[in-house]
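Some notes on the structure that comes next.
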Amino acid sequence: MLILGIETSCDETAAALIERGSSNRVLSEKIKSQIPLHARYGGVVPEIASRSHLEYIDLITDQVLKESGRTMKEIDLLSVTNGPGLIGSLLVGLSFAKGLSYQNQIPLVPVDHIFSHIESVFIDHPDIAYPLVALVVSGGHTSLFFQKSKFDRQLISKTRDDAIGEILDKIAKFFGLGYPGGPVLDKIYHSGDPACFTFTLPRMSDGSNDFSFSGYKTAVLRLAKEKHILSESQLFTDLIASFLHSIVDYLLLKTTEAVNQYSAKSVIVAGGVSRNSLLRKKFQDVFNRKNIPTYLPLPEFCTDNASMVAWMGYETFNHYPDRNYFDYYLNAYSRSYSRESGKHR
Ligand code: KG4
Ligand code: ZN
């Protein structure tokens, strides 16, 4: 089966063609990153993002078909991200996919961006054991799930304030280190002393299981101000190393608690921040010692891509064969799924 995936939820315009069934592989993936457009603002500007998606979506899709030597007529299934994300950006991909579906009479599967990130790990690890705990860490999301199976998921924790990637990007922006901040801070970490500063791990005063990251941003900025730390100094490098060390420990603590509580057999960490070298090493080391296999996406599938969207679309189509996949009233949603109401927020 040939599946074309389309991803435009934030600042990457991506299309991918995958093959599933007798063989399971990515035939072609093209990503047009908008980083140069947003870098001068230190973050994603939604209007610029939508306009750029509009400019490139058909070009990127054509390139994917050309590179894999296929035509639209050969595609069996379309898969598109319809939320959560920037609403204008999502609507570009969704409208484009609806057009392809209608014109070529190909079923169209809408997929959730967060669940696609989790699915990205299955591209090269098809046999991950359930039940599992999945942590999604990205620029827009920080969520922890318990999964009895691929489609039986329970949200354990989400962030109360900023997402972890957002904190990394904001700190980098404040110190004039460029956008996105995650990769820059990742590099700095390796020249710093992670034991130089200590941070208190956040705990919710109402006893809730949620994450909170905004205190980290305040603490880093306060320490830099109080100790007159300049961004070129060794002390700054030590501050960033200590901060990253603590924030990864915080993620590890929350994930370990969930693994113990739910007796999980495996751990998944996915999303843009799962590309972080310290996070990858620490999660592998800690859970390997506990004999809990831990899976992270290949580096190219950590940040937003369309292969994970196509992969998720195929799984959804097979799991729910009776749904209407020619539903052109389908809408986009900006906020993630609510644990309490079961509705999109
Ligand atoms: O998954 P993603 O591409 O977009 C969202 O769904 O939000 O994640 C983007 C985030 C950005 O905040 C970026 O700074 C972060 O991933 N990121 C990293 C690294 N590479 C990208 N964070 C830490 N270390 C990295 N190496
Ligand atoms: Zn993402």
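We count ligands from 1, going down the list as the structure has it; atoms in each ligand are counted the same way. Note that the coordinates shown come from a computational prediction; the quantities given were computed from them, not determined experimentally.
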Short list, please: which atoms of ligand 1 are under 4.0 Å from a heavy atom of [X]?
X      : value
Gly165 : 12 (O)
His117 : 1 (O), 6 (O)
Asn276 : 23 (C), 24 (N), 25 (C), 26 (N)

Are Tyr102 and Phe326, when compared by the centres of their aromatic rings, separated by less than 6.0 Å?
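No; Phe326 has its ring centre 6.0 Å or more from that of Tyr102.
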Given the side-chain rings of Phe197 and Phe243, with only the six-membered ring counted for Trp, is the space between their centroids under 6.0 Å?
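Centroid distance Phe197-Phe243: not below 6.0 Å, so no.
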Polar side chain donor-acceptor pair, [X] to [Y], under 3.5 angstrom:
X      : Y      : result
Ser266 : Tyr295 : no
Ser214 : Asp162 : no
Asp112 : Tyr333 : yes
Asp304 : His113 : yes
His141 : Thr159 : no

Any N/O pair [X]/ligand 1 closer than 3.5 Å:
X      : value
His113 : yes
Gly271 : no
Pro180 : no

Quiz item: cation-pi between Lys32 and Tyr56, 6.0 Å / 45°:
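Positive - Lys32 is close enough to the ring of Tyr56 and near enough to its axis.
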Is Lys227 positioned over the aromatic face of Phe236, cation under 6.0 angstrom from the ring centre and no more than 45 degrees off axis?
no
What's the atom name of the N, O or S in Asp304 nearest to the Zn ion (ligand 2)?
OD1
Starting from the Zn ion (ligand 2), look over the N/O/S atoms of His117 and name the nearest one.
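Relative to the Zn ion (ligand 2), the closest nitrogen, oxygen or sulfur of His117 carries the name NE2.
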At what distance is the nearest protein heavy atom to [atom], and which residue and atom is it?
atom                    : result
atom 21 (C) of ligand 1 : Gly272 O, 3.5 Å
atom 11 (C) of ligand 1 : Asp169 OD2, 3.6 Å
atom 22 (N) of ligand 1 : Gly182 CA, 3.3 Å
atom 10 (C) of ligand 1 : Gly139 N, 3.5 Å

Structural part of [X] in contact with ligand 1, heavy atom criterion under 4.0 angstrom:
X      : result
Asp186 : side chain
Leu168 : side chain
Asp304 : both

Quick one, Arg20 with Glu315, criterion side-chain contact (heavy atoms from CB on, under 4.5 Å). Give me CA distance, side-chain angles, the key distance, then yes/no.
CA-CA 10 Å; Arg20 296 293 307 269; Glu315 297 293 335; 2.8 Å; yes
ring-ring contact (aromatic ring centres under 6.0 Å, His included) evaluation trace for Phe211 with Phe213:
CA-CA 7 Å; Phe211 291 103; Phe213 295 101; 5.7 Å; yes
Please state whether Pro183 comes within less than 4.0 angstrom of ligand 1, counting heavy atoms only.
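Yes; Pro183 lies near enough to ligand 1 that a heavy-atom distance drops under 4.0 Å.
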Assess His113: does it contribute an N, O or S atom lying under 2.8 Å from the Zn ion (ligand 2)?
yes
